[in-house]
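Take a look at the structure below.
What you see below is based on every heavy atom in this structure, not just the backbone, and it leaves out hydrogens, waters and symmetry mates.
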Amino acid sequence: MIDPKRLRTAPGDLARALARRGFALDVARIEALEARRKVAQKALEDAQAERNARAKAIGRAKAQGGDIASLMAGQEALAARLAAHEVELQAVQAQWDELAAALPNPPDDDVPDGRDERDNVTLRTVGEPPAWDFAVRDHVDIGGLLGGLDFGAGAKLAGARYAVLSAGLALLQRALTQFMLDLHTQVHGYTEVYVPYLANRDSLFGTGQLPKFEKDLFKIEGLEYFLIPTAEVPVTNLVRDATLSAGALPQRLVCHTPCFRSEAGAAGRDTRGLIRQHQFEKVELVQVTAPEDSARAHEELTGHAEAVLQRLGLAYRVVALCAGDLGFAAAKTYDLEVWLPGSGCYREISSCSNFRDFQARRLRARYRPREERPALVHTLNGSGLAVGRTLAAVLENYQEADGGVRIPEALVPYMGGLTTLRPSES
RNA sequence: GGAGAGAUGGCCGAGUCGGUCGAAGGCGCUCCCCUGCUAAGGGAGUAUGGGGUCAAAAACUCCAUCGAGGGUUCGAAUCCCUCUCUCUCCGCCA
């Protein structure tokens, strides 16, 4: 949510910032609503003040055994006035709230201009894509040779875009998860949390998935619960309605969860393989910081996600999203894209964003600076990493001519000492 | 799932038959005084959000908030209804 004060006093500036991400802010409507609001709120509050004063007078008179009848005159008219003003203010407020909730976060000044992903800026490329002396396979074909990657079974159990992993691949996915969690907790100083995989409306509103993106979520029939699309939702909501002491910041939390996305609107995209599934595993990094620290924390958090790729020996690049490609709640985002030899391109495997106070305002997540009134915190998060896509990346980057897969050194301890996965005999 | 109890400010906790209650008291915290250190003592202050006057700040003032939402009333922390959550006991259970 954007600062309503800013929306009221400087809608023009805001409109310019939002225009960078292709969002047209209706300044005239805002100014009209604001004018109405001002009148309505003043009128209502004046009427309330009068009601309070009269009630007090009546109470005082009654206590002294005085005459009340004269004081009661005109109360009905006042009550009617009060009700009318209340209706008007509520109507204005409802329109305002709806409008405000639909506004995306304005991009940071240093976010590159641009309309869509084609305008994103590659900041750096790390590692060399491996060279091959045989025809490379993608992870689906490799999985077919190894066994243990079964989309047919996923379709039977649930439907399209679900997979069943077994044996070596199930172990490899678990190894990746454990490796990431250990790295972030033991080396990067994050605290691991375990959270519910269902979230209520308040939580999803807090991080910005609602009200705009309900279509992308799985909803539990008959209940106001949604399957979480990312651990960002439950973990960030830990600080909802909280006032943290300054000393409690920054908070660095890491959480492994399955993620559920209905992928509405993605029909026909990335239908092959593990890239775009309805259910996938992810290790998520979340930070809650003081406002002045969030920019630095964003760089650090991105580095923490990069460290996973580096230790796995995977080539990747870091991309600054342009204003037009930013997510709804993000002020600035770096994507990490891993090299996938099977498709010969870099694919997003992590997205690291600084939300500034946008989520915090929705969450009412504050902290108490020394000697000052409470102020909103800043929130950040990033995938560290998406496990399913990392699994695909490892399979493709560590494949051998016969369809076997070497285990990256960092993962060997998590694989019970196994150093390769061998194609099955069948 | 059944029965009962509860939800008040940073924390604990009081709120009598609805009226001057944004809320006693305590703890904590901040500032000041006193005390040669330490301990103890005295005084003052200490919720959040929003509006108005204003270019803005300060200041003044108004409104809202005692789990959430409705209702009754001139007036609700106090009465009524719905919901949420917590606790206790019973049942069931990984």
Side-chain angles (χ1 to χ4, degrees), chain A residues 1-13 30-97 99-101 194-206 210 220 222-226 234 237-249 251 357-377:
Chain A
M1 198 109 74
I2 293 174
D3 184 354
K5 217 165 242 168
R6 203 174 150 200
L7 197 50
R8 278 199 291 263
T9 56
D13 292 349
I30 286 176
E31 284 172 344
L33 267 179
E34 167 62 4
R36 248 180 97 189
R37 191 225 98 231
K38 207 162 176 171
V39 172
Q41 181 165 350
K42 185 80 171 74
L44 174 63
E45 291 186 355
D46 285 348
Q48 285 173 325
E50 187 179 342
R51 178 201 61 196
N52 291 347
R54 289 199 193 193
K56 224 165 235 182
I58 291 172
R60 217 175 291 125
K62 215 171 175 180
Q64 296 166 358
D67 177 37
I68 293 169
S70 63
L71 290 168
M72 299 291 275
Q75 291 290 39
E76 272 176 45
L78 176 59
R81 202 146 54 83
L82 215 45
H85 290 141
E86 211 163 308
V87 167
E88 164 68 1
L89 182 60
Q90 268 173 14
V92 176
Q93 200 64 52
Q95 287 185 51
W96 179 274
D97 289 346
L99 190 151
Y194 170 81
V195 295
Y197 300 160
L198 299 177
N200 58 28
R201 270 185 191 279
D202 285 347
S203 296
L204 286 150
F205 179 83
L210 292 181
I220 306 298
L223 295 172
E224 289 298 293
Y225 291 136
F226 299 82
N237 270 275
L238 288 171
V239 295
R240 172 152 54 86
D241 285 314
T243 305
L244 307 163
S245 67
L249 299 178
Q251 288 197 5
D357 62 10
F358 187 86
Q359 291 182 328
R361 185 168 291 106
R362 292 172 161 242
L363 294 162
R364 296 170 300 276
R366 300 177 299 169
Y367 78 112
R368 200 174 287 279
R370 277 161 280 285
E371 303 293 315
E372 286 174 53
R373 359 185 57 203
L376 293 169
V377 298

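- Pairing for rU88(B) is with rA3(B), a Watson-Crick or G-U wobble pair whose two hydrogen-bonding atom distances lie under 3.5 Å.
- Using atom C1' as the reference point in both rU65(B) and rG22(B), the two lie 9 Å apart (nearest Å).
- Here Arg373(A) does not reach the OP1 or OP2 of rU46(B): none of its side-chain N or O atoms lies under 4.0 Å away.
- Across all strands shown, rA44(B) forms a Watson-Crick or G-U wobble pair, both distances under 3.5 Å, with rU30(B).
- Across rC62(B), rC85(B), rG51(B), the shortest atom-to-atom separation from the side chain of Ala49(A) is found for rC62(B).
- When both distances must be under 3.5 Å, the Watson-Crick or G-U wobble mate of rC60(B) is rG52(B).
- For the atom pair CZ of Arg36(A) and CG of Leu89(A), the computed distance is 10.0 Å after rounding to the nearest 0.5 Å.
- In this structure, the nucleotide among rG51(B), rG52(B), rC74(B) sitting nearest to the side chain of Lys38(A) is rG52(B).
- For the P atoms, the distance linking rG49(B) with rG91(B) amounts to 48 Å, nearest Å.
- Remark: the separation of the P atoms in rC12(B) and rG1(B) is 29 Å, to the nearest Å.
- As judged by a 4.0 angstrom heavy-atom cut-off over every strand, Asn52(A) is placed among residues touching the sugar-phosphate backbone only.
- Closest contact between the side chain of Arg366(A) and the listed nucleotides rG51(B), rC74(B), rG49(B) involves rG49(B).
- With Asn237(A) contributing its side chain and Ser203(A) its backbone, the two residues share a donor-acceptor pair below 3.5 Å.
- Figure legend. rC66(B) is base-paired to no nucleotide; pairs are counted as Watson-Crick or G-U wobble with both atom distances under 3.5 Å.
- Going from atom CG of Leu89(A) over to atom C1' of rG52(B) covers 14 Å, rounded to whole Å.
- Comparing the P positions of rA23(B) and rA64(B) gives an interatomic distance of 14 Å, to the nearest angstrom.
- The same atom, C1', is picked in rC21(B) and in rA76(B); the two are 11 Å apart, to the nearest Å.
- Pairing for rC79(B) is with rG71(B), a Watson-Crick or G-U wobble pair whose two hydrogen-bonding atom distances lie under 3.5 Å.
- Of the inter-residue distances, the one linking Arg8(A) atom CZ with Trp96(A) atom CH2 reads 6.0 Å to the nearest 0.5 angstrom.
- Arg81(A) has its CZ atom 14 Å from the C1' atom of rC74(B), to the nearest Å.
- Taking side-chain N and O atoms only, Arg368(A) has a distance below 4.0 Å to OP1 or OP2 of rU48(B).
- Atom P of nucleotide rG75(B) and atom CD of Glu76(A) are separated by 11 Å, given to the nearest angstrom.
- Projected onto RNA chain B by closest heavy-atom contact, Lys42(A) and Arg54(A) fall at different nucleotides, the more 5' of which corresponds to Lys42(A).
- To the nearest 0.5 angstrom, Gln359(A) atom CD is 12.0 Å from Leu376(A) atom CG.
- Judged by Watson-Crick or G-U wobble contacts below 3.5 Å, the nucleotide rC21(B) has no partner.
- In this structure, the nucleotide among rA64(B), rG19(B), rG51(B) sitting nearest to the side chain of Lys62(A) is rG19(B).
- The pairing partner recorded for rG36(B) is none, the criterion being a Watson-Crick or G-U wobble arrangement whose two distances lie under 3.5 angstrom.
- Distance, His85(A) NE2 to rG51(B) P: 19 Å, rounded to whole Å.
- As rounded to the nearest Å, rU78(B) and rU73(B) have P atoms that lie 16 Å from one another.
- Atom pair Gln48(A):CD and rG51(B):C1' shows a separation of 11 Å (rounding to whole Å applied).
- Pairing each heavy atom of His85(A) with each of Ala47(A), the nearest pair is ND1-CB, 4.2 Å.
- Between the P atoms of rC34(B) and rG43(B), the separation comes to 15 Å (whole Å).
- The interatomic distance linking Lys56(A) (NZ) with rG75(B) (C1') rounds to 11 Å, in whole Å.
- Remark: the Glu45(A) side chain and the rG52(B) base include no donor-acceptor N/O pair separated by less than 3.5 Å.
- For the pair Thr243(A) and Gly59(A), nearest-nucleotide mapping onto RNA chain B gives the more 5' position to Thr243(A).
- Among the protein residues, Arg364(A) comes within range of no part of the nucleic acid, since none of its heavy atoms lies under 4.0 Å from any strand.
- Atoms CD (Gln93(A)) and P (rC63(B)) sit 18 Å apart, rounded to a whole Å.
- With rounding to the nearest 0.5 Å, the separation of CD in Glu34(A) from CD in Gln41(A) is 9.0 Å.
- Qualifying side chain to side chain contact (heavy atoms under 4.5 Å, CB included) partners for Asp46(A), counting only residues two or more places apart in sequence or in other chains: Lys42(A).
- A distance of about 12 Å separates the P atoms of rC27(B) and rA40(B), rounded to the whole Å.
- Arg361(A) comes within 4.0 angstrom of no nucleic acid atom, judged by non-hydrogen atoms across all strands.
- Rounded to whole Å, atom P of rG49(B) lies 18 Å from atom CG of Asp97(A).
- Pro4(A) comes within contact range of no nucleotide atom at all, as no heavy-atom separation falls under 4.0 Å.
- With hydrogens and angles ignored, the 3.5 Å screen pairs a side-chain donor or acceptor of Arg362(A) with a backbone N or O of Ala101(A).
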